[in-house]
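Remarks on the structure that follows.
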Amino acid sequence: MLKKLLKYEWKDTKKLLLPMNLVIILITIVGCILLSTRIFDTSTGFVLATLLLVLYLLSIIAFSFITLIYIYVRFYKNLFTAEGYLMHTLPVTRTQLFHSKLIVGYFWFFLNSLLTALSTGALGAAAGFHTATTEMVDEVNISFAELFGCSPVVFLCWGLVTLIVCSLSSVLMGYVSILLGQRMEKNKLAAAVGFYFGIYMVIQIVSSIAMMLPIIIEIMSDTNEEAALNFMTDSLSLIFPSMCIFYLVLSIVFYSLCRALINRKVNLD
Amino acid sequence: MTLLECKNLTKKYGNYTALNDMSFQIDGGHIIGLLGPNGSGKTTLIKLIAGLLEPTAGAVYVKEEPIGPASKSVISYLPDHSYLNGNMRVQEIIDFFADFYEDFDSIRAYDMMAKLQINPRQKLKTLSKGTQEKVQLILVMSRHAALYILDEPLAGVDPAARDYILETILSNYDEDASLLISTHLISDIENILDEVIFIQDGRLHTQALVDELREQDHKSIDTIFREVFKC
């Protein structure tokens, strides 16, 4: 039955999300072609390039935002409004319902995040294509090694792993907020939004403290300049691994909470 | 084998008790009227049986199984409002039902749609409200289910549509199956009922065979209802 649920989830979500992600690819290709020419080298071209860059950034942000909101709204609408009367009376378990939403929702959000990262990377590479030299590339490699303690390729790999884990926790955070909202007697949607911002703020506070605490301790301790610089490099090289662990733990907590909430007390108004 | 059994079923919303310690059984092959005034707990009871609500206490069993995928595979449920995605085409909805319900009869569904001149390629939201309701009824009655639960199928429709709905219900349900119909338009369905369940203030007031009740009181079910639930 999960296969069937996935089939219909995919079918419904692709109507909006597939064209949107294709637009990102199209924008990137057009952008790369334009940047590989010299049409922006004039002063008018520079203004045009700036305008296009702003437009591009706004579109990319909007696409990510729309993807995430759409995934959340679909989860809520399909399971907890009138449509929920059909979904919850299908001969499937609630866990299967949840997994179908999670798998497809996560796929789309991860795809969107990946395309966004690849798009900005491709456009950045295309913009520097004419000016970059072998020496500059070597310099970047050295600077990366000094600052992050690894090569740009390793850095990007860590970035990808972080993206995989962060996308999962983002989707689950919305789902857990909606499920917590369903526990309320009244104003379930408003409660879900409240839970979302509440959880978001708690995560931001905890992650900020976790990141800042070692730095503050190091600054307060009496160390020399070289030791401080080494400490900064070590800290930066640990950013991605620690983010991965943090968001992985968060995802596990959210997932367990979602499973418990959807299986226990779901009451449709 | 008992088809449906509700054991000490209680449902509370905060301090409000919608259903209070309700117990009854339903066997196969009956048409049962679930009757009661507004707010008596009919829809709450139906939602508990359909698995849309979790009971505060007690339990529901369908064919001796608790509510879950197995019970949902033999219950065909029609809610009292639209529950289909309006953006789907009628044929997509039929495919959806056929995919999930093994007992769904697509040929029967298409046949009934054709009789109503509903184009299966049309999106649900482009149909009139009345036609959308008929599509829902057709989908529910195109299943060879063991228990059909229809929540207010006659509410808000004109007399001609009521006739169509009753005819559709009666001509499509399997004889071994049972029909649980919630309504307060008793006079319209009185003649087709085998059994009635009266609910008052979330409690079971009466469960009896229609013929026995009529003979006992020498009155129609509609009259008995009006007397029992007189304001």
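On a predicted model such as this, the values are computed, not experimentally measured, just so you know. Only this structure's heavy atoms are used, side chains among them; waters, hydrogens and symmetry mates stay out. A note on names: the letters A, B, ... follow the listed sequences, proteins ahead of strands, and every chain is numbered from 1.
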Q) With sequence neighbours left out, what residues match S119(A) under side chain to side chain contact (heavy atoms under 4.5 Å, CB included)? A) I24(A), T28(A), Y56(A), I60(A), L123(A)
Q: Using a cut-off of 6.0 Å, state whether more than 12 heavy atoms not belonging to L58(A) lie near its atom CG.
A: yes
Q: Over all heavy atoms of both residues, which pair between F96(B) and M87(A) is shortest? Give the atoms and the distance, please.
A: CZ-SD, 4.1 Å
Cross-chain donor-acceptor list, chain A and chain B, 3.5 Å limit, no angles:
{"residue": "K4(A)", "atom": "NZ", "partner": "D99(B)", "partner atom": "O", "Å": "2.6"}
{"residue": "K7(A)", "atom": "NZ", "partner": "D99(B)", "partner atom": "OD2", "Å": "2.6"}
{"residue": "Y8(A)", "atom": "OH", "partner": "D95(B)", "partner atom": "O", "Å": "3.3"}
{"residue": "Y8(A)", "atom": "OH", "partner": "F96(B)", "partner atom": "N", "Å": "3.4"}
{"residue": "Y8(A)", "atom": "OH", "partner": "D99(B)", "partner atom": "OD2", "Å": "2.9"}
{"residue": "Y85(A)", "atom": "OH", "partner": "K47(B)", "partner atom": "NZ", "Å": "3.0"}
{"residue": "H88(A)", "atom": "O", "partner": "K72(B)", "partner atom": "NZ", "Å": "2.7"}
{"residue": "T89(A)", "atom": "O", "partner": "Y101(B)", "partner atom": "OH", "Å": "3.1"}
{"residue": "R94(A)", "atom": "NH1", "partner": "E54(B)", "partner atom": "OE2", "Å": "2.8"}
{"residue": "R94(A)", "atom": "NH2", "partner": "G51(B)", "partner atom": "O", "Å": "3.2"}
{"residue": "R94(A)", "atom": "NH2", "partner": "E54(B)", "partner atom": "OE2", "Å": "3.4"}
{"residue": "N267(A)", "atom": "OD1", "partner": "K11(B)", "partner atom": "NZ", "Å": "3.1"}
{"residue": "N267(A)", "atom": "OD1", "partner": "E54(B)", "partner atom": "N", "Å": "2.8"}
{"residue": "L268(A)", "atom": "N", "partner": "L52(B)", "partner atom": "O", "Å": "3.0"}
{"residue": "L268(A)", "atom": "O", "partner": "K47(B)", "partner atom": "NZ", "Å": "2.9"}
{"residue": "D269(A)", "atom": "O", "partner": "K47(B)", "partner atom": "NZ", "Å": "3.4"}

Q | Part of F97(B) within contact of chain A (heavy atom distance under 4.5 Å) | A | side chain
